[in-house]
Amino acid sequence: MAKFNDIQLLRINYLRGPNLWTYRPVLEVWLDLGALEDHPSHQIPGFNDRLTAWLPALIEHHCGVGERGGFLQRLQEGTWCGHVLEHIVIELLNLAGMPTGFGQTRSTSVRGVYRMVFRARDESVARMALEQGHRLIMAALNDEPFDVQAAVAKVRTEVDDRYLGPSTACIVTAATDRGIPHIRLNDGNLVQLGYGAAQRRIWTAESEFTSAIAEGIASDKDLTKSLLKSCGVPIPEGQVVHSPEEAWEAAQDIGLPVVVKPSDGNHGRGVTLDLRKQEDIEAAYHVAYPEGSDVMVERFIPGNEHRLLVVNGKVVAAARGEVLGITGNGRNTVRELIDSQLNSDPRRGYEEEYPLDIIDVAQDAKVQLELKRQDLDADAVPAAGRQVVVQRNGNMAVDCTDDVHPEVAYIAQLAAKVVGLDIAGIDLVAQDISRPLHTQGGAIVEVNAGPGLLMHLKPAVGAPRPVGQAIVEHLFPAEEHARDAGRIPVVGVAGTRGTTTIARLVAWLLHLSGRHTGVACRAGLFLDQRRVEASDSAHWEAAHRLLMNQMVQAAVIENDARTILQDGLAYDRCQVGVVTDMDGVEHLAAFDVHEQEQMTKVLRTQVDVVLDHGAAVLNGADVQVAALAPLCDGSVVLYAQDANLPAIVEHRADEESGRAVFVKNDRVVLATGHSEHVLGRLSDLTFGRNAVAPDTDTLLAAIATAWALDISPDLIGAGIKTFEPEQAAPDTASA
């Protein structure tokens, strides 16, 4: 069989916000099939069989058929390789642990050239999936070997290196479910939830309400214990030691058995439990020493380890630890038994997504010490039936949230309060979490800032707990943020006619209404009328900077068709979306936009993202623009100079929501249905000290936008007359 040449990837573009394909970020790939344009899938011998053998889960892809097996049906009937590559990439992402359902492939005006897109939460991950998918499809086409598992591993590594950790991701997902937007602020887990002045920040399971003082207290285990003890919280007796010999002396003073652990460690690192012999205690000192600045010896509390998650003064989840062990068979070594009996558990892995860690005897000093206490090592062969303890702590795997006694919950909440943490992981030891601690000698052994959430999201036993939702509710209480959690008024202005003036005038009116307002437009980047950058700022990066600025209480952002096609919108939703016209098609050939009708699909994006309690402001004199009205989730305000235009008349037929702005007898009128309010004479609505007469359509669009923002007509009229269209000099401030 003749070999097919590579499918050429002509252009790869990451659309970071809502775009003509979908509301979400996507990777858009322009590809040239070459000779494969003449070879649909069913005409390539063995291609479909090789593909489905490598990726059997393709049967789950519904494709356009809308049911299980839909994509395989398309393969058998014959589909083109651009479409096939789309589904390969999606499946590689699924196998790598980043579930992806959205993808589309469309032909362009050039034969054999297609635009293929797929959902991309992270650009680097998406590019790696595309690279591996491209290699896979060419191997399948040319009947060459391909290592699918290695390809999936490369994508998964990129996910682990680049994407949010599971704790952060669950909070972001919960915020998204509440309609709260997010912006990732670094390559790690620092994330902004919400826009501008309405934002909150998280870093893993720490929030902007987590004080540095409280975190410092929590990291000092000895100080934490002294504070807890002073408030009546039960804690184990203990003391800081500075040598193995001192550790043994302290253990004798406290009374055996004891625990040896680092004074400021976390995640159970360096902690050894139930120590009774001098040699074990001295060995445990050396295990704990590298994990913290000091070593502590404290009384051993009999019972099971528990982790309680406290959020904003409430226990929202609890997990119980398990003592891990193996059973000897008289044939295999300890190392082999750990691999076969423990590490084979699918819940164990090296990546953060796994609730349990792989046990590496060679690297884990605690495991080595535990085995030594039983006169064993990794190469020993336990007798048949012998029970060998491998790990005593750090295995929080069983959900027990519903079993927590109210008094235990109260003590955990008190401990978090004493330390000062809004989000805390409380480690306590108790024989039975459903009984009060004082009846069983239980105690709190640690209070942790930035607790891991995975044990509550993926417990080995029991139901997952909605800990992400609890944290989001803490940051954005529902009773305070009924529908606008994390949101400031965002106005998007799309088109080419007067859009810069519209953006600046609307921002001026918002400023007069008492909001600190930012503007990203062709005239520059503005904060409260101070131009902080003079360069063209009608692009994604400048708009994004506004939305990250904690001072900004409202944002006005100028867009055009090129911005939407090249980057997508900088915001997920907006309060008001303005479309003035659909001009400029002649400049968009590079995006395969050649016909005027195609502009509807591009600029509808601005209308698609309007919130259900927001409004679209549309040019009623442009038939193509006015036709976008049914696509808006919110209300619609039409503007035009002629009140008798069919679009205006028809829109005003709705007495409750048919709002329009027009000119009648030289007066600007705000109309709702047949009710009319005169804003003022058109000839009197001039700009600034020099009484500059504005373009009428531009003026009407700005008035309609301000009205949609619930700015009073009186303020609109006064604000127009005080608006100075001349540009301010650049300031030294930064956005």
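Numbering of residues begins at 1 and proceeds along the displayed sequence.
Lys277 pairs by the side chain to side chain contact (heavy atoms under 4.5 Å, CB included) definition with Glu279, Asp280, not counting sequence neighbours. Looking at residues two or more places apart in sequence or on another chain, you find no salt bridge (Lys or Arg N to Asp or Glu O under 4.0 Å) involving Arg201. When the ring pair (Phe, Tyr, Trp, His ring centres under 6.0 Å) test is applied to His306, no partner is found at least two apart in sequence or on another chain. Every salt bridge (Lys or Arg N to Asp or Glu O under 4.0 Å) that Glu60 has, sequence neighbours left out, goes to Arg68.
In this structure, Gln239 CD and Asp253 CG are separated by 6.0 Å, a value rounded to the nearest 0.5 Å. Going from atom CG of Leu342 over to atom CZ of Arg348 covers 5.5 Å, rounded to the nearest 0.5 Å. For the atom pair Arg184 CZ and Thr168 OG1, the distance stands at 8.5 Å (nearest 0.5 Å). For the atom pair OG (Ser226) and CD1 (Ile235), the distance works out to 7.5 Å, reported to the nearest 0.5 Å. Rounding to the nearest 0.5 angstrom, the gap separating the CG atom in Leu92 from the CG atom in Leu136 is 6.0 Å. Interatomic distance, CZ of Arg335 versus CD1 of Ile338, reported as 8.5 Å (0.5 Å rounding).
Using a 4.0 Å cut-off between charged side-chain N and carboxylate O, Lys261 and Glu446 make a salt bridge. We find that Arg178 and Glu473 are joined by a salt bridge, their nearest charged nitrogen and carboxylate oxygen being less than 4.0 Å apart. A salt bridge is absent between Glu158 and Lys154; no separation between the charged side-chain nitrogens and carboxylate oxygens falls under 4.0 Å. Using a cut-off of 4.0 Å between Lys/Arg side-chain N and Asp/Glu carboxylate O, Glu407 and Arg435 are scored as not salt-bridged. At a threshold of 4.0 Å, the pair Arg465-Asp402 counts as salt-bridged, since one of the basic side-chain nitrogens sits closer than that to a carboxylate oxygen.
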Audit row: Lys225, Glu298, salt bridge (charged side-chain N to carboxylate O under 4.0 Å, His left out) steps and yes/no: CA-CA 11 Å; Lys225 287 172 59 179; Glu298 63 183 27; 3.0 Å; yes
Full working for side-chain contact (heavy atoms from CB on, under 4.5 Å) between Val148 and Phe146: CA-CA 6 Å; Val148 176; Phe146 187 81; 3.9 Å; yes
Thr327/Leu337 under side-chain contact (heavy atoms from CB on, under 4.5 Å): CA gap, chis, key distance, verdict: CA-CA 8 Å; Thr327 303; Leu337 292 170; over 6 Å; no
Evaluation steps, side-chain contact (heavy atoms from CB on, under 4.5 Å), between Val472 and Ile180: CA-CA 9 Å; Val472 172; Ile180 300 168; 3.9 Å; yes
side-chain contact (heavy atoms from CB on, under 4.5 Å) assessment of Val26 paired with Phe118: CA-CA 5 Å; Val26 297; Phe118 58 92; over 6 Å; no
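Across Pro257 and Asp274, no two heavy atoms sit closer than the pair CB-OD1, 3.4 Å. The heavy-atom pair separating Asn189 from Gly165 by the smallest distance is OD1-N, 2.8 Å. Considering every non-hydrogen atom in both Gly188 and Leu164, the closest pair reads O-CD2, 3.7 Å. Considering all non-hydrogen atoms of both residues, Val297 and Ala250 come closest at CB-CB, 4.2 Å. For the residue pair Gly270 and Ala288, the shortest heavy atom distance occurs at O-CB, 3.4 Å. Nearest approach of Ser211 to Gly420, heavy atoms of both residues: OG-O, 4.4 Å.
Between Gln431 and Asn304, the closest side-chain pair of non-hydrogen atoms is not below 4.5 Å. Residues Phe300 and Pro236 form no side-chain contact, since every pair of their non-hydrogen atoms from C-beta on lies 4.5 Å or further apart. You'll find the side chain of Leu275 reaches within 4.5 Å of the side chain of Thr272, heavy atoms only. When side chains are defined from C-beta on, Val233 counts as touching Ile411, because their heavy atoms get closer than 4.5 Å. Between Leu228 and Ile444 there is a side-chain heavy-atom pair separated by less than 4.5 Å. No side-chain heavy atom of His182 sits under 4.5 Å from any side-chain heavy atom of Gln192. Val334 places none of its side-chain heavy atoms less than 4.5 Å from the side chain of Asp379. Leu453 is listed as a side-chain neighbour of Ile471, based on a closest heavy-atom distance under 4.5 Å.
Thr401 places a side-chain N or O within 3.5 Å of a backbone atom of Ala318 that can act as its donor or acceptor partner. Judged by distance alone, the side chain of Asp403 and the main-chain N or O of Ser434 form no donor-acceptor pair under 3.5 Å. Checking side-chain atoms of Arg121 against main-chain N and O of Pro99 turns up a donor-acceptor pair under 3.5 Å. Counting only distance, with no hydrogens or angles, the side chain of Gln374 and the backbone of Glu370 share a donor-acceptor pair below 3.5 Å. Remark: side-chain polar atoms of Gln368 are paired, donor with acceptor, to backbone N or O of Val361 under 3.5 angstrom. Side chain of Ser167 to main chain of Thr204: no donor-acceptor pair is present (N/O by atom type, distance under 3.5 Å, no hydrogens or angles). Remark: side-chain polar atoms of Asn448 are paired, donor with acceptor, to backbone N or O of Gly425 under 3.5 angstrom. Within the 3.5 Å criterion, the main-chain N or O of Trp248 finds no donor-acceptor partner in the side chain of Gln278. Remark: the backbone N or O of Arg16 is not paired with any side-chain donor or acceptor of Arg24 at under 3.5 angstrom. With Asp122 contributing its side chain and Tyr163 its backbone, the two residues share no donor-acceptor pair below 3.5 Å.
Evaluation of the side-chain hydrogen bond (donor to acceptor under 3.5 Å, both in side chains) test over residues 310-319, restricted to residues two or more places apart or in two chains, returns none. Among pairs with a residue in residues 401-425, none fulfils ring-ring contact (aromatic ring centres under 6.0 Å, His included), at least two apart in sequence or across chains.
Taking the six-membered ring where the residue is Trp, Phe71 and His87 present parallel rings, their angle staying beneath 30° rather than reaching 60°.
Side-chain N/O atoms of Asp422 and Thr210 include a donor and acceptor closer than 3.5 Å.
A 6.0 Å sphere centred on OH of Tyr14 holds more than 12 heavy atoms belonging to other residues, nucleotides or ligands.
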